[in-house]
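Comments concern the structure below.
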Amino acid sequence: MEKREQLYEGKAKKVFATDDPEKVVVSYKDDATAFNGEKKGTIAGKGVINNKMTNHLMQRLEQAGVPTHYVEQLSDTDTVVKKVSIVPLEVIIRNISAGSFAKRYGVEEGIVFDAPTVEFSYKNDDLGDPLLNDTHALALKLATKEEIQQIKDYAFRVNELLKGFMKEIGIDLVDFKLEFGRLSDGTIVLADEISPDTCRLWDEKTHEKLDKDRFRRDLGGVEDAYQEVMRRLTGDK
Ligand code: TMP
Ligand code: ASP
């Protein structure tokens, strides 16, 4: 697979064309942003970890029946994925109160829900990714009714699977964000990444934060936390 011209640069990744029109290469950066890009920094080694962790998790999800964009890892930071058009919705699943949920509804962090919640944000940096519901997404023609249902079904399935993978390594999956894409034939697949940048991960015993909140909240030990999750996942003791 040949990596060709850069198509796009995002906050945490770059995307390159390949010799295959149906495939692109995603290249993970160490750059980190928070609060819609207001806070900027770098997390040493993050690109490598997020690339490897996303690929590890996507392969396990795929084996469990969730279609993903994953094709093959090219290097420590680069991965070949199926080319998709991204559905401009950030799909957030929560199992425990934290972050914007705690703030919006005026509750403490750490309340364990009886059942997971789902919410959508409109993926639009200029507008600050505003929260919206299914009817808004339909009105804005961001996705069809069928696509929204499919996306929700996959997101809840990913939650059950991911919760299990994390529990095995002593981590509570608090919440996470997914993005989905359409293949050229319209099929919906899981895209983007699954990493400590896009999940809240708390050690089940110490409740230590093992995710990007360490960066967002200036808690220190950011690199170590990312490494720790990767070490537990791949069993390198
Ligand atoms: P929130 O509590 O700030 O809404 O975040 C919920 C989850 O979504 C959390 O695990 C972090 C993740 N997330 C992203 O991946 N990208 C984003 O831009 C935001 C705001 C959150
Ligand atoms: N990555 C997002 C941004 O820069 C936000 C976040 O993850 O907190 O806006």
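Position 1 is the first residue of the sequence, and the numbers go up from there. Just so you know, ligand 1 is whichever comes first in the structure, and atom 1 is the first atom listed for that ligand.
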Notebook entry, point to check: Between E193 and K13, does a salt bridge (charged side-chain N to carboxylate O under 4.0 Å, His left out) hold up when you go through it step by step?
Noted result: CA-CA 10 Å; E193 66 178 284; K13 299 187 281 300; 2.6 Å; yes
Note to self: At less than 4.0 angstrom from any non-hydrogen atom of G99, what atoms of ligand 1 do you find?
What the structure shows: 2 (O)
Checklist line | Contacting atoms of ligand 1, where contact means under 4.0 angstrom from a heavy atom of C199 | finding: 10 (O)
Notebook entry, point to check: Is atom 20 (C) of ligand 1 less than 4.0 angstrom from at least one protein heavy atom?
Noted result: no
Item checked: Any residue meeting ring pair (Phe, Tyr, Trp, His ring centres under 6.0 Å) with F101, in chain and number order, not counting sequence neighbours -> Y105, F113
Margin query: Listing request: all side-chain hydrogen bond (donor to acceptor under 3.5 Å, both in side chains) pairs with a residue in residues 106-118, at least two apart in sequence or in separate chains.
Written below: E109-R217
Next item on the list: Could you tell me which atoms of ligand 1, counted from 1 in the order shown, lie closer than 4.0 angstrom to a heavy atom of S100?
Entry: 1 (P), 2 (O), 3 (O), 4 (O)
Notebook entry, point to check: Do the charged groups of E179 and K177 touch, with an N to O distance under 4.0 Å?
Noted result: yes
Checklist line | Minimum-distance protein heavy atom relative to atom 10 (O) of ligand 1 | finding: D175 OD1, 2.6 Å
Margin query: Using a 4.0 Å cutoff against the non-hydrogen atoms of F176, which atoms of ligand 1 qualify?
Written below: 10 (O)
Next item on the list: Using distance alone, with no hydrogens and no angle criterion, decide if T18 and D20 have a side-chain donor and acceptor under 3.5 Å apart.
Entry: no
Note to self: Minimum distance, heavy atoms only, to atom 6 (C) of ligand 1: which one of R200, K103, K177, E109 is it?
What the structure shows: R200
Notebook entry, point to check: Are the side chains of K145 and L138 in touch, meaning some heavy atoms are under 4.5 Å apart?
Noted result: yes
Next item on the list: Decide, yes or no, whether a salt bridge links E168 with R232 under the criterion of side-chain N to carboxylate O below 4.0 Å.
Entry: no
Notebook entry, point to check: Charged N to carboxylate O under 4.0 angstrom, D78 versus K3?
Noted result: yes
Margin query: With a 4.0 Å cut-off on heavy atoms, is R94 in contact with ligand 1?
Written below: yes
Next item on the list: Using a strict 4.0 Å cut-off to heavy atoms of T198, name the atoms of ligand 1 that fall inside it.
Entry: 10 (O), 12 (C), 15 (O)
Notebook entry, point to check: Can you tell if the side chain of F16 reaches within under 4.5 Å of the side chain of K14, non-hydrogen atoms only?
Noted result: yes
Next item on the list: State plainly whether the residues D211 and R200 are in salt-bridge range, i.e. N to O under 4.0 Å.
Entry: no
Contacts table for residues 157-165: side-chain donor-acceptor under 3.5 angstrom, sequence neighbours left out:
from : atom 1 : to  : atom 2 : distance (Å)
R157 : NH1    : G65 : O      : 3.4
N159 : OD1    : N95 : ND2    : 2.8
N159 : ND2    : N95 : OD1    : 2.9

Notebook entry, point to check: With atoms numbered from 1 as shown, which atoms in ligand 1 lie under 4.0 angstrom from a non-hydrogen atom of D197?
Noted result: 15 (O)
Check: For ligand 2, what are the residues with a heavy-atom contact below 4.0 Å?
Finding: K11, T33, A34, F35, N36, G37, K212, R216
Notebook entry, point to check: Can you tell which of R216, E179, E90 gets a heavy atom nearest to atom 17 (C) of ligand 1?
Noted result: E90
